[in-house]
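Structure record follows, encoded as structure tokens.
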Number of protein chains: 2
Amino acid sequence: MATTGTDPARMREMNQLTIVWALRGNPPSTVTELAGRTGLSRPAVDVLVQQLVAEGWAEVEEPGASSTVGRPARRYRFRAGAGHVLGIDVGVHKILVMLSDLEGNLVQSLRRPADPEAGPDDRLATVDRCVDEVLREAGMTAADIWAVTVGVTGPVDASGRTSLFTPLPGWNAVDPVAHLTERFGCPVQVENDCKLAAVAERWKGVAQDADDIVYVLAGIRTGAGLIIDGTLRRGHGGAAGEIGALKAVRWLDAPGHLAGCPGVPSTAAQGEAAAWVFRAAREGDRAARTAVRRYARDLAVGVAALTLTLDPQVVVYGGGFSRSADVVLPMLRQELTKHCLRLPELRASTLGDESVALGALRLALDEIDDRLLGGRLAAPAAPRV
Amino acid sequence: MATTGTDPARMREMNQLTIVWALRGNPPSTVTELAGRTGLSRPAVDVLVQQLVAEGWAEVEEPGASSTVGRPARRYRFRAGAGHVLGIDVGVHKILVMLSDLEGNLVQSLRRPADPEAGPDDRLATVDRCVDEVLREAGMTAADIWAVTVGVTGPVDASGRTSLFTPLPGWNAVDPVAHLTERFGCPVQVENDCKLAAVAERWKGVAQDADDIVYVLAGIRTGAGLIIDGTLRRGHGGAAGEIGALKAVRWLDAPGHLAGCPGVPSTAAQGEAAAWVFRAAREGDRAARTAVRRYARDLAVGVAALTLTLDPQVVVYGGGFSRSADVVLPMLRQELTKHCLRLPELRASTLGDESVALGALRLALDEIDDRLLGGRLAAPAAPRV
DNA sequence: CGGAGTTAGTAAACTGCCTAGCATTATCCA
DNA sequence: TGGATAATGCTAGGCAGTTTACTAACTCCG
């Protein structure tokens, strides 16, 4: 344990951060409320909160019409608009950019289709244009952004590169962190899409109550993201959750059962074929149900491997196929029962395809919190790398 | 973030704990050394350390012959003997009890063979007798023990019971936590043997430098324990690492390749058969090498599933077969290469069959540290449940 | 309309902790 | 024996948070 000694100055910093955390995510609060929430005395909170206001971290709401007896209290509010973060989902088919304030409130977002065949420079240029547009519509510049997180498919190493593999054409040749850092100057991180989606499910999705989560991204591609003890786990080389690479786990072929189902209109694209099969299965079509069952059977082996390894509380079923969770989950549950010692809860994601960008926002916000924790709490300003 | 406000009293507690940690695991230290180590000022350390001495947590070593110029410094030492903990390995074939002081120094240990067929009450009675003997030889009573951790095979739930399954005959019927708590009154925990062995490898074994560790217990039984981000991971229901339950992972059958190897003396017991095969393989015996290769192939599927899921830094190969790591590891490495995206380091355990009891000691010590962190630092005394 | 009751804001006294600086003490070496 | 060195011990000063008491602002009700 590398605990280091604490002096009064450090104590004050800690208490100031405590106030920040007590303010954030709560409605405008009175000094008395904050004192109760933090365990500090009222005078102490008063001094601290006034300093926060002076520094620009909080703002005062002068008392208005009071509904209760007694002198109406001044209310203090975290100045969420002091800084903003970007969450970017760089997908094969689309780019999704989200801009939020420091409380995670969505300020602006933009979705643009992307050419699946587009090269890395093209794709990066599209990202740049989307970011430009989002900033412009929000009336901001790059200097207003405090942190950026980007989600891409494929395992991402510590430097933000997808050196092992990625379905994004040529993407392993680019260095998105360097590109965006040059532009923003603030902390930039790149992360795997499944991992970000897992973070989003714990933040705003169906797994807010859980600390041990396996997120399964089910779609044309299949992947997984892991949250253990409330923290996103990347693994030593950033490749945690890549159970699909195991040959005994037939994740690569699993969606093929859907595309190859007899009766699928031959004109349908791959994604539409799956949707057709799920719909047919829902209506009781024999062949479609068989196809879904085969899909579930293959999916279950990988999910079981993850579940047996980690024994999570919740498995979240997300990704493009999660809209058809009503068809898949019962079958998946049945298959998992055969493999698992202890069946975790199975829940279907409700965040849709915004989960990656949302998770990116959350990670960017976490980055800022980490900086606050480490450094001294100074006047609000974008951290620089 | 549920951070709570800090006042000067809490600050003092924290600083006192900081001193405790700086004392422990170091040779007797001067005030100046402690000040440097903790970042506190010399007078502050002086006051704190004197209070620790008064409370019984530390003791003074009066200056002896000084080797350098200047006034010789008083040295302070953590009073590791203020309390003791027990680590107990309840195996199928043996009971191993270890008694250590608060610094983890072994004070007494005892190994007794156990009847593999013995019922749970018999086994528990043997444990009791071993504990009695260890305490007696160390000149202690149950009241001197501050924490007890017990290792058993099979997944252990939060209450310390092996409700899912266990190779210990009838063991799921007993409640060892209740039994030992009644006897000791101090915190008692029961944990899975593989998990404890993993902890031991990080504490005193071959993985001291790693934070993300997969420990594989290889022997007649095969199992795994996981350390992620420096912390033992139990999973939500205590069944993390039980990848062997997956049918596609042939861990149950894997040792069979060794027992079934042509040429094994028919008189050999199961454990001896494996040892014979490893020895023969080391000497170049064709059939033995094939058997070991098959064993490695089956083992590798499970290790690959764990590795792909967690992307650890190190895989530790432990258990009874780890003495033959020189034969197995190269083959295992070769097989893993076929499955994994990023091959972790493979290391052979050197702790032998003491790893479970050692890990139990470590967990018991951790329990005490947790109590210290939470409560106020009072005079040294056994925590009571 | 004004006083009682309630709640918020503020000031002062007190306690506790850490730091800085200086005097004191003990040992070694010339 | 005296100077250099390094550790201990002590005192003053500053800072943070708590407690207590007092003032300010507002509502309710007679």
Side-chain angles (χ1 to χ4, degrees), chain A residues 3-20 22-23 27-55 58-77 376-377, chain B residues 3-20 22 27-55 58 60-77 376-377:
Chain A
T3 314
T4 185
T6 311
D7 60 2
R10 178 72 197 142
M11 180 168 75
R12 187 184 185 81
E13 279 174 54
M14 288 167 58
N15 285 342
Q16 215 160 351
L17 277 175
T18 304
I19 301 281
V20 167
L23 278 172
S29 313
T30 68
V31 170
T32 309
E33 283 166 2
L34 288 172
R37 215 175 286 155
T38 59
L40 294 169
S41 70
R42 231 172 24 146
V45 172
D46 196 75
V47 171
L48 288 167
V49 87
Q50 278 180 35
Q51 191 177 339
L52 286 175
V53 170
E55 284 171 344
E59 53 195 5
V60 195
E61 180 180 286
E62 285 304 333
S66 125
S67 60
T68 174
V69 299
R71 175 174 172 169
R74 251 200 291 266
R75 290 185 171 273
Y76 295 89
R77 185 187 6 237
R376 336 184 52 81
L377 194 71
Chain B
T3 315
T4 186
T6 312
D7 60 4
R10 177 74 196 141
M11 180 168 74
R12 186 186 183 79
E13 279 174 55
M14 288 167 57
N15 285 342
Q16 213 158 354
L17 276 175
T18 304
I19 301 280
V20 167
S29 314
T30 67
V31 171
T32 310
E33 283 166 3
L34 288 172
R37 214 175 286 154
T38 58
L40 295 170
S41 70
R42 217 166 36 85
V45 172
D46 195 72
V47 171
L48 289 168
V49 88
Q50 278 180 32
Q51 191 177 338
L52 287 175
V53 170
E55 285 171 345
V60 194
E61 179 180 285
E62 286 304 333
S66 129
S67 60
T68 174
V69 299
R71 174 173 176 168
R74 245 201 290 270
R75 292 185 170 272
Y76 294 90
R77 184 191 2 242
R376 333 182 55 79
L377 193 71

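Lettering follows sequence order; numbering is per chain, from 1.
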Sidechain-backbone polar pair: A:S29 side chain, A:P27 backbone, donor-acceptor under 3.5 Å
yes
Give A:T32 one of three labels, base, sugar-phosphate or nothing, depending on what nucleic acid heavy atoms sit under 4.0 Å from its own.
sugar-phosphate
B:L48 and B:T18: side-chain contact (heavy atoms from CB on, under 4.5 Å), yes or no, with the steps?
CA-CA 10 Å; B:L48 289 168; B:T18 304; over 6 Å; no
Provide, to the nearest angstrom, the distance between the CG atom belonging to A:L34 and the C1' atom belonging to C:dA8.
13 Å
Minimal heavy-atom distance between A:R77 and A:P28, with the atoms involved, is NH1-CG, 3.9 Å
Show each protein N/O and nucleotides 17-22 of chain D N/O combination with a separation under 3.5 Å, one pair to a line.
unit_1, atom_1, unit_2, atom_2, d
D:dG17, OP1, A:N15, ND2, 2.6
D:dG17, OP2, A:R12, NH1, 3.1
D:dT18, OP2, A:S41, N, 3.0
D:dT18, OP2, A:S41, OG, 2.4

What's the CD-C1' distance between A:E33 and C:dG9, to the nearest Å?
15 Å
B:R75 vs B:E33, test: side-chain contact (heavy atoms from CB on, under 4.5 Å). Steps then yes/no.
CA-CA 9 Å; B:R75 292 185 170 272; B:E33 283 166 3; 3.4 Å; yes
Test side-chain contact (heavy atoms from CB on, under 4.5 Å) on A:Q50 and A:V31 and set out the steps.
CA-CA 10 Å; A:Q50 278 180 35; A:V31 170; over 6 Å; no
Side-chain N or O of A:Q50 versus OP1/OP2 of C:dT10: is the shortest distance under 4.0 Å?
yes
CD (B:E55) and CD (B:Q16) are apart, to the nearest 0.5 Å, by 5.0 Å
In whole Å, I'd like the distance from the OH atom of A:Y76 to the P atom of C:dA8.
12 Å
Side-chain N,O (B:R10) to OP1/OP2 (D:dA16) below 4.0 Å:
no
Atom-to-atom span, CD of A:Q51 to P of D:dC15 - whole angstrom
13 Å
